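Just so it is clear, the values below take in all heavy atoms, side chains as well, and ignore hydrogens, waters and symmetry mates. On a predicted model such as this, the values are computed, not experimentally measured, just so you know.
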Amino acid sequence: MNTLIAALVLAPAVMAPAQMPDSMAANPIASSARMFLEEQAGAIGQAATLMPAEKYAYHPTPAQMTFGALMQHIAQTNVRLCSAIGGGAAPPPASPVHATKAALVTAVADSFKMCNAALAKLTDSQLSEVVEIAGNKVPRGYLVMTIVADWADHYSTAASYLRLNNIVPPTARQP
């Protein structure tokens, strides 16, 4: 019986590589980053939309940034990192602006469009190429890993802020 249970639990994990789409086989890292981008663009964009405008000034403690500042930070980070991933010059850091909810929702959406364009043609062979960002030279793969980690971190923060305001985060909602 234990062997049967183990087989049923492990079967999906063993079968997963065989089910990988052909489009991922040649560039599994870049393709995975594109898949994560699609998921996080949707989740973060929905989080930005779900939070009421009057709650954009909300932050759980004085040491934490407001929800609005988080959305601005996400947009700015996407622009800076994805422009470098795509091979373009990163713009200088923007000074903090207290924008409206509508402006921030648009900025977040536009920044994910920029990331989509930067990752669209990325191949795994380009990950070792050195690019410059903020006066530093780093492998393009480092920036891809950084942006993927940032999206997870930022969505986690946004989801926590939503929950603290009795709003179910996008990824926790029933389909």
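To the nearest 0.5 Å, atoms OG (Ser32) and CG (Leu119) are separated by 11.5 Å. The distance from the CD1 atom of Ile85 to the OG1 atom of Thr146 is 8.0 Å, given to the nearest 0.5 Å. For the atom pair OG (Ser156) and OH (Tyr161), the distance works out to 10.5 Å, reported to the nearest 0.5 Å. The line from CG of Leu81 to CE of Met114 is 10.0 Å long, rounded to the nearest 0.5 Å. Expressed to the nearest 0.5 Å, how far CD1 of Ile147 lies from CZ of Phe36 amounts to 10.5 Å. Here the CE atom belonging to Met35 is positioned 11.5 Å from the CG atom belonging to Leu37, to the nearest 0.5 angstrom.
The two residues Asp124 and Ala30 make their nearest non-hydrogen contact at OD1-N, 2.7 Å. Minimum heavy-atom separation, Asn27 to Ser125: OD1-N, 4.5 Å. Across every non-hydrogen atom of Asn78 and Ser111, the tightest pair is ND2-OG, 3.0 Å. Shown here for Ala134 and Arg80, the closest heavy-atom pair between the two residues is CB-NH2, 3.6 Å. Annotation for Ala43 and Pro170: closest pair O-CG, 3.5 Å, computed over non-hydrogen atoms. The heavy-atom pair separating Val144 from Ala33 by the smallest distance is CG1-CB, 3.7 Å.
Contacts of Gln126 classified as side chain to side chain contact (heavy atoms under 4.5 Å, CB included), with partners at least two apart in sequence or in another chain: Leu122, Thr123, Glu129, Arg140. Thr66 pairs by the side chain to side chain contact (heavy atoms under 4.5 Å, CB included) definition with His59, Ala69, not counting sequence neighbours. Under the rule for a ring-ring contact (aromatic ring centres under 6.0 Å, His included), Tyr155 has no partner lying at least two apart in sequence or in another chain. For the ring-ring contact (aromatic ring centres under 6.0 Å, His included) test, residues two or more places apart in sequence or in another chain that qualify with Tyr56 are Phe67. Remark: Pro139 pairs with Tyr142 by the side chain to side chain contact (heavy atoms under 4.5 Å, CB included) rule, at least two apart or across chains. Considering only residues two or more places apart in sequence or on other chains, Ala63 meets the side chain to side chain contact (heavy atoms under 4.5 Å, CB included) condition with Thr61.
Put simply, Met145 and Ile44 are part of two different groups of oily side chains (I, L, V, M, F, W, Y) that touch within less than 4.5 Å, one to the next. Ile167 and Leu164 fall within the same hydrophobic cluster, defined by Ile, Leu, Val, Met, Phe, Trp and Tyr side-chain heavy atoms under 4.5 Å apart, directly or through other members. A continuous path of ILVMFWY side-chain contacts below 4.5 Å connects Met51 to Met65, so both sit in one hydrophobic cluster.
In this structure, the side chains of Lys137 and Val131 stay at 4.5 Å or more apart for every pair of heavy atoms. Looking at Val105 and Met71, their side chains never come closer than 4.5 Å, going by heavy atoms from C-beta outward.
Judged by distance alone, the side chain of Thr77 and the main-chain N or O of Ile74 form no donor-acceptor pair under 3.5 Å.
The disulfide bond (SG atoms under 2.5 Å apart) analysis of residues 116-175, with sequence neighbours excluded, yields no pairs. Applying the disulfide bond (SG atoms under 2.5 Å apart) test to every pair with at least one member in residues 110-174, sequence neighbours left out, gives these pairs: Cys82-Cys115. Here disulfide bond (SG atoms under 2.5 Å apart) pairs that include residues 116-175, with residues two or more places apart or in two chains, number zero. For residues 36-49, the set of pairs meeting the side chain to side chain donor-acceptor pair (under 3.5 Å) definition, not counting sequence neighbours, is empty. Sequence neighbours left out, not one pair with a member in residues 143-172 passes salt bridge (charged side-chain N to carboxylate O under 4.0 Å, His left out). Applying the ring-ring contact (aromatic ring centres under 6.0 Å, His included) test to residues at least two apart or on different chains, the pairs with a partner in residues 106-136 are Phe112-Trp151.
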